[in-house]
Amino acid sequence: MSQVRLRFAPSPTGYLHVGGARTALFNWLLARKEKGTFILRIEDTDVARSTQESTDAILEGMTWLGLDWDEGPYYQSERFPVYREFVEKLMAEGKAYKCYCTPEELDRKRELAIAEGRKPKYDGTCRGVEDRPGAPFVVRFRSPEEGETAFDDLIKGRIAFQNEELDDLIIQRTDGTPTYNFTVVIDDATMGITTVIRGDDHINNTPRQIQLYEALGYPVPKFAHVPMILGADKARLSKRHGATSVMAYRDMGYLPEAMVNYLVRLGWSHGDEEIFSLDELTGKFTIEAVGRSAGVFNPDKLLWLNSHYIKTGDPVRLANLLLPFMKERGIDVAGGPDLAAAVRTLQERSHTMLEMADGAVIYYRSDFEYDPKAAAKSFSPAGRELCAELAARLGQVEALDHGVISAVFDGICADRGVKMKDVAQPARFALTGGAPSPGIFEVMEVLGRDETVRRISRALELFGS
RNA sequence: GGUCCCAUCGUCUAGCGGUUAGGACACCGGCCUUUCACGUCGGUAACAGGGGUUCAAGUCCCCUUGGGAUCACCA
């Protein structure tokens, strides 16, 4: 079996954040690139902190980004018997032992060690101790005391640790549940994971995990530790830097392809290229091209990518995505203009779907307010007169399209000896109330002849003529 | 503090011994124009410092400095 097997293994203690999403993306990309298998595993051994809502949120985030999985989701909470079996095996082989030290004792020793300037590592008190039937215990892995444990990280290169730095880690708690460093090894080993791509905050866990693989007799997978994502102050990205939840970006009007494109470029590059679809990436992605240093999350660039994808997106699809945002604004698009047509006029001037929704509102509200300041500026007596003329001429044409509208404006300009803006600005005021809007020809075309004339008439009535 | 990782414009990065150190976001100007945008043209801006290796170092090695991660019966 030479096929690669990768996995994304989040713990369900919150939503899918951008760092996790990027890790998932890299795993997914490598799996697709190598025609391997991508597995989703939920690491919920911490029963107290894990929730179903978090699991659902993570799956929703993955789905939104378009990262589908071939196996799973597996739940560690359903595999406790498996872990127990391996703990028993290690104990039977003398590779693990019961430790009766209490947390209080350990804390005391730890504090003492720090106070005396020594390393706060477990001292091996219970390594040779006899069984104490009935007494509460944890199970510790007996790790080698000498030599070194090293691995060749796919993105960081060779990393070595002296074994004397590592102590005997706990693999099973007093309550009988297994701990992370143990379950992750058992799962990756038994699920046949060939390459582990994860955050580089796991580098320090790696040597002890390797020792576990070796003790268990399983092959050690390859490791690729991807750098962290930082905030603008270079500290690890967190809520205080702004939104970190992937789904929050959807709610703020971001497109999944923008998020994917942004995340993949944060730490990975392909020459000077900036724009990548998921499909292109499955051909171009390589783990070796991932950078070694941490990167700062840059909301401006994400926004730029988002506007790029809005600009080049399919209007019908965008219209569908826009629907919930219109609903949020209390607008039912059913009775108004075609939403896709409205979208087309807004694509090149919207950075987010939120902005697009704000811009689209004007097409569906005929009872909008007129801005008095704009009225003074744009709806002068002369402007009102030109608007009246415009309405009159529009009444004489059939349907509105760009050519017809353009001809009408040109006609007025020629006959009255005025400039385009002399009539366009008053018209914009009459049709939109003075707010920034798409090109006035486009607005009229989307609104249609009748609504256009109706709005002009209303403005003329409101402001006298 | 121990261990580990990292270091090119403000930010994301290209560079894999010989380059006027390139691109992108942001920023600043010009143009376009029917408001706002889009677009377009141009500009400011970087190899952390010090030692080596080499004919030649942003590229290789070492040290310093500066960031970050991790040191749980969390994952």
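Note that these values count all heavy atoms, side chains included, but never hydrogens, waters or copies made by symmetry. We name chains A, B, ... by the order of the sequence lines, and we start the count at 1 in each one.
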Under 4.0 angstrom between A:His351 side-chain N/O and B:rC38 OP1 or OP2 = yes
Does any nucleotide pair with B:rU40 by Watson-Crick or G-U wobble geometry, both distances under 3.5 Å, and what is it?
-> B:rG30
Euclidean distance for P, B:rC6 against B:rG10 (whole angstrom) | 23 Å
Looking at every strand, decide which applies to A:Ser437 at a 4.0 Å heavy-atom threshold: base, sugar-phosphate, or nothing.
-> base
Answer yes or no: is there an ion pair linking A:Glu257 with A:Arg317, defined by an N-O contact shorter than 4.0 Å?
-> yes
Mind checking A:Thr45 for me? I need base, sugar-phosphate or nothing, with any heavy atom below 4.0 Å counting as a touch.
-> sugar-phosphate
Using a heavy-atom cut-off of under 4.0 Å over every strand shown, decide if A:Phe161 touches base, sugar-phosphate, or nothing.
-> sugar-phosphate
With distance as the sole criterion, do the side chain of A:Thr179 and the base of B:rC73 form a donor-acceptor contact below 3.5 Å?
-> no
Please state the P separation for the pair B:rU13 and B:rA48 - nearest whole angstrom.
-> 15 Å
Roughly how many Å is it from CE in A:Met228 to C1' in B:rA75, rounded to a whole number?
-> 13 Å
Do A:Thr190 side-chain atoms and A:Ile186 backbone N/O form a donor-acceptor pair below 3.5 Å?
-> yes
Sugar-phosphate, base or nothing in reach of A:Cys101, heavy atoms under 4.0 Å = base
Contacts to RNA chain B from residues 414-428 of chain A, heavy-atom cutoff under 4.0 Å, which residues?
-> A:Met420, A:Lys421, A:Ala424, A:Gln425, A:Arg428
For A:Val138, which contact category applies under a 4.0 Å heavy-atom criterion: base, sugar-phosphate, or nothing?
-> base
Whole-Å gap separating C1' (B:rA37) and CG (A:Asn306) = 15 Å
For the pair A:Lys119 and A:Glu165, evaluate salt bridge (Lys or Arg N to Asp or Glu O under 4.0 Å) and give the outcome as yes or no after the intermediate values.
-> CA-CA 8 Å; A:Lys119 295 181 176 70; A:Glu165 298 292 339; 3.7 Å; yes
Under a 3.5 Å limit on both distances, the Watson-Crick or wobble mate of B:rA46 is none
Indicate whether OP1 or OP2 belonging to B:rG39 is found under 4.0 Å from a side-chain N or O atom of A:Lys311.
-> yes
Pair A:Glu273 + A:Arg265, salt bridge at N-O below 4.0 Å = no
Calculate the interatomic distance between A:Phe276 atom CZ and B:rG23 atom C1'; express it in whole Å.
-> 11 Å
Interatomic distance where CD1 belongs to A:Ile159 and P belongs to B:rC6 [whole Å] | 7 Å
Between B:rG66 and B:rC28 - P atom distance, rounded Å | 34 Å
With both distances kept under 3.5 Å, what pairs with B:rG66, Watson-Crick or G-U wobble?
-> B:rC6
Look at A:Lys234 and B:rA7 and indicate whether a side-chain polar atom (N or O) is within less than 4.0 Å of OP1 or OP2.
-> no
With rounding to whole Å, what would you report as the distance between B:rG51 and B:rC9 at their C1' atoms?
-> 26 Å
Taking the side chain of A:Arg349 as heavy atoms from C-beta outward, which of B:rA37, B:rC5, B:rA24 is closest to it?
-> B:rA37
With a centroid cutoff of 5.5 Å and a plane-angle limit of 30°, would you call A:His202 stacked on B:rA75?
-> yes
Thinking salt bridges, do A:Arg127 and A:Glu145 make one under a 4.0 Å N-O criterion?
-> yes
Could you please name the partner base of B:rA24, counting Watson-Crick and G-U wobble pairs only when both distances are under 3.5 Å?
-> B:rU11
Carboxylate-amine/guanidinium proximity below 4.0 Å for A:Asp168 and A:Lys121 | no
May I ask you to decide if A:Trp304's main-chain N or O and A:Ser307's side chain share a donor-acceptor pair within less than 3.5 Å?
-> yes
Those residues that, when tested against A:Asp415, pass side chain to side chain donor-acceptor pair (under 3.5 Å) (two or more places apart) | A:Arg393
Just call it for A:Gly439: base, sugar-phosphate, or nothing, with non-hydrogen atoms closer than 4.0 Å on any strand.
-> base
Nearest-nucleotide check on RNA chain B, A:Arg22 vs A:Phe441; residue mapping nearer the 5' end is A:Arg22
When rounded to the nearest Å, what value does the distance between P atoms of B:rU70 and B:rA75 take?
-> 15 Å
So what does A:Leu266 hit on the nucleic acid, given a heavy-atom distance under 4.0 Å: a base, only sugar-phosphate, or nothing?
-> sugar-phosphate
Side-chain atoms of A:Glu165 come closest, of B:rC4, B:rG2, B:rA26, to B:rG2
With a non-hydrogen cut-off below 4.0 angstrom, is A:Gly267 in contact with a base, only sugar-phosphate, or nothing?
-> sugar-phosphate
Test item: A:Thr183 side-chain N/O and A:Tyr180 main-chain N/O as donor-acceptor pair under 3.5 Å | yes
Under-4.0 Å salt bridge between A:Glu274 and A:Lys301 = yes
Paired to B:rU54 by Watson-Crick or G-U wobble criteria (both distances under 3.5 Å) is none
Examine B:rU8: is either OP1 or OP2 under 4.0 Å from a nitrogen or oxygen in the side chain of A:Arg292? Give yes or no.
-> no
Just call it for A:Ser293: base, sugar-phosphate, or nothing, with non-hydrogen atoms closer than 4.0 Å on any strand.
-> sugar-phosphate
B:rC60 and B:rG39, which share atom name C1', separated by this distance in whole Å | 45 Å
Without swapping roles, check the side chain of A:Ser350 against the backbone of A:Thr352 for a donor-acceptor pair under 3.5 Å.
-> no
Of all the choices, B:rA75, B:rC25, B:rA69, which nucleotide is nearest to the side chain of A:Asn204 once you look at every atom?
-> B:rA69
Check every atom of B:rA14, B:rC4, B:rG2 against the side chain of A:Lys119 and return the nucleotide holding the closest atom.
-> B:rG2
Nearest to side-chain heavy atoms of A:Leu106, which nucleotide of B:rA75, B:rC73, B:rU34 | B:rC73
Roughly how far apart, to the nearest Å, are B:rC41 and B:rA46 at atom P?
-> 24 Å
Have a look at A:Ala160 and say if it touches a base, only the backbone sugar-phosphate, or nothing, with a 4.0 Å heavy-atom cut-off.
-> sugar-phosphate
Contact class for A:Asn205 (heavy atom, under 4.0 Å): base, sugar-phosphate, or nothing?
-> base
Tell me which of A:Leu302 and A:Leu230 sits closer to the 5' end of RNA chain B, going by the nucleotide each one is nearest to.
-> A:Leu302
With the side chain defined as heavy atoms from C-beta on, A:Glu43 is closest, among B:rA26, B:rC36, B:rA75, to B:rA75
A:Arg110 side chain, from C-beta outward: closest of B:rA72, B:rA75, B:rU70 | B:rA72
How is A:Pro438 classified with respect to the nucleic acid when contacts are heavy atoms under 4.0 Å: base, sugar-phosphate, or nothing?
-> base
Look at all strands and tell whether A:Glu274 reaches a base, only sugar-phosphate, or nothing, counting heavy atoms closer than 4.0 Å.
-> base
P gap between B:rG58 and B:rG49, integer Å = 11 Å
Given B:rC5, B:rA14, B:rA69, the nucleotide with the shortest approach to the side chain of A:Asp272 | B:rA14
Distance-only polar pair, side chains of A:Gln76 and A:Asp187, donor-acceptor under 3.5 Å = yes
Whole-Å gap separating P (B:rC38) and CZ (A:Arg344) = 21 Å
Of the candidate nucleotides B:rU34, B:rC4, B:rA37, which contains the atom at the shortest distance from the side chain of A:Ile440?
-> B:rU34
